[in-house]
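Step one of this worksheet: look at the structure below.
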2 protein chains.
Amino acid sequence: MNTKAALNKRWQSGDNGLAIERLPAKESFKSRAYAALKEAITNMNIYGSDEPLLLDERDISERLGASRTPIREAVAMLEQEGLLRAVPRRGILVVRRTKAEVIEMIEAWAALESMAARLATARASDEAIAELRAFFKEFDLNRIERERCDEYSTANIAFHQALIRLSGSSLLAAMTDNLFFHVRAIRHRTIFEMDRAQRSASDHLEIIQAIEARDADRAERLVRDHTLRLARHVESHVNLD
Amino acid sequence: MNTKAALNKRWQSGDNGLAIERLPAKESFKSRAYAALKEAITNMNIYGSDEPLLLDERDISERLGASRTPIREAVAMLEQEGLLRAVPRRGILVVRRTKAEVIEMIEAWAALESMAARLATARASDEAIAELRAFFKEFDLNRIERERCDEYSTANIAFHQALIRLSGSSLLAAMTDNLFFHVRAIRHRTIFEMDRAQRSASDHLEIIQAIEARDADRAERLVRDHTLRLARHVESHVNLD
DNA sequence: TGCTGGTATTTGGTATGCCAAATTTCGACG
DNA sequence: CGTCGAAATTTGGCATACCAAATACCAGCA
């Protein structure tokens with residue numbers, strides 16, 4: 001009976017000494033379809049036109065060389081994630097966020113990242129914070145050659161992601177990644193980064209200093225205000241609907 | 001051509017004056033399976049035993065009177081939501097959160113709700129805030145007869161949900177609903193509400209007062225500290241792993 | 001009795017086919 | 001020429017069947 005129990009438990013988290021994991025375990029078509037679709041949506045200029053962007057199951061299944069079933073499962077997941085919406089008898093369309101929704105996302109982002117700053121101030125090691133500063137320096141130096149706002153936006157988001165990871169909370173990282181995905185999508189449409197570029201640089205520096213000084217309240221407030229400023233900017237200068 | 005364009009647009013968000021929506025539109029098996037599974041998981045005592053809780057596709061499809069296909073799509077959605085995890089050749093298991101994960105959730109909750117308090121302070125009408133107070137009073141009065149911690153926890157969460165809705169951000173509401181779902185699941189296991197009950201009552205009152213006074217910083221701080229206190233309590237008094 | 005090896009069974013992943021609803025097409029009629 | 005409507009087509013939802021992998025079972029052997 002001990003043998004049976006051992007066998008039944010073998011598939012669970014392998015606590016046995018042998019350090020070999022379930023090899024390759026070629027990912028399923030579902031997973032691959034999910035990744036492929038998400039990648040495609042990421043590289044899609046969602047707000048480039050006003051036409052409804054719609055996908056076709058059969059078309060996708062042909063291109064990916066799989067049947068409709070795994071594609072439908074992947075679509076169901078992306079639907080749950082808020083990236084797609086399947087309209088019966090119409091097609092699967094890529095959702096466009098309204099301006100109000102984007103603002104809500106940025107506000108949620110502000111909430112999560114300011115909490116991350118607070119947690120990072122309390123928990124992150126000096127070494128980790130130093131890495132953040134190093135990252136920022138590199139970011140700042142490269143900023144000169146990065147004139148195109150797309151690239152600046154990417155670097156900007158990367159900085160914020162690094163900051164969030166300092167908190168040690170993988171949940172905060174996951175939630176903000178999701179928000180970044182949507183916010184990033186409108187960077188093709190707007191150039192709101194340009195007039196924020198200079199200000200962002202000093203903002204980032206202040207944030208790092210606050211964390212280094214282990215001033216949780218200040219770090220939290222700086223991050224929150226920094227991101228809420230973006231929300232207000234979008235509110236007044238961006239037109240999506 | 002104008003006719004065609006009009007026809008092509010009819011299915012989109014009905015901006016036409018006619019205020020009738022696609023009637024019943026009997027929800028798909030996928031949706032029903034999703035709802036049924038989520039309901040089942042909600043009413044399940046996830047942390048009651050240490051055995052892995054696993055579901056069987058064929059069993060579920062039989063019970064719901066549908067084929068495996070829509071069930072699989074529903075499972076894929078719940079998997080994306082983090083409630084289930086499909087292990088090949090093993091079954092679909094209900095995920096148990098580790099203590100660290102639950103703490104991260106409460107911290108994220110603190111982040112989102114404190115932001116909601118800030119936004120509510122700036123945006124909510126006096127009438128809406130008054131409703132919050134009324135809700136709190138009813139809540140407080142009923143508290144006496146609600147000795148069982150389960151029910152107190154439910155009422156407690158309802159109060160926080162009402163507060164979040166005051167912010168007017170449906171995104172914050174959606175994100176916290178998701179977190180509440182997981183946190184609520186461990187209420188069967190722990191009685192951490194009992195010793196927090198008294199303190200919560202006064203905390204809630206202070207929060208309402210801060211919002212009424214339109215003191216955004218104070219409201220935000222009170223909400224944050226209130227929820228972070230729960231996180232620390234779980235950290236030191238709850239054992240899940 | 002306990003272990004080994006091979007077979008039977010279970011189970012998730014995928015392909016395929018059908019169906020009903022909705023759209024589009026296109027011809028008849030005013 | 002525009003409109004109406006019926007047939008043809010498209011398309012997503014669902015059911016079913018099959019497969020390969022992994023487990024469970026069991027006979028046989030030490």
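A, B, ... follow the sequence lines: proteins, then strands. Residue 1 opens every chain. Predicted model, so just to flag it, every value in this text is computed and none were measured. Computed over heavy atoms, backbone and side chain alike; hydrogens, waters and symmetry mates excluded.
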For atom CG of A:Leu55 and atom C1' of D:dT11, their distance in whole Å: 14 Å
Output every pair passing ring-ring contact (aromatic ring centres under 6.0 Å, His included) with a member in residues 78-110 of chain A, not counting sequence neighbours, ordered by first then second residue. A:Trp109-A:His160, A:Trp109-A:Phe180
If you measure from the Lys or Arg side-chain nitrogens to the Asp or Glu carboxylate oxygens, is any gap between A:Glu57 and A:Arg68 under 4.0 Å? yes
A correct 5'-to-3' footprint of nucleotides 13-18 of chain C, with B, S and - meaning base, sugar-phosphate only and no protein heavy atom under 4.0 Å, is BBBBB-
To the nearest 0.5 angstrom, please state how far the OG atom of A:Ser61 sits from the CD1 atom of A:Ile71. 5.5 Å
Rounded distance (Å) that lies between atom C1' of C:dT23 and atom CG of A:Asp56: 14 Å
How long is the line joining CD1 of B:Ile71 and P of D:dA15, in whole Å? 7 Å
Using a strict 4.0 Å threshold on nitrogen-to-oxygen distance, state whether B:Lys38 and B:Glu81 make a salt bridge. yes
Whole-Å distance between C:dT11 C1' and B:Ile92 CD1? 10 Å
Could you check how far CD of B:Glu62 sits from C1' of C:dT10, rounded to whole Å? 14 Å
To the nearest Å, how far apart are B:Leu54 CG and D:dT23 P? 13 Å
Could you tell me whether B:Arg165 and B:Glu113 make a salt bridge, using a distance below 4.0 angstrom between a side-chain N and a carboxylate O? no
Flag the pair A:Arg85 and A:Glu79 as a salt bridge only when some basic side-chain nitrogen lies within less than 4.0 angstrom of an acidic carboxylate oxygen. no
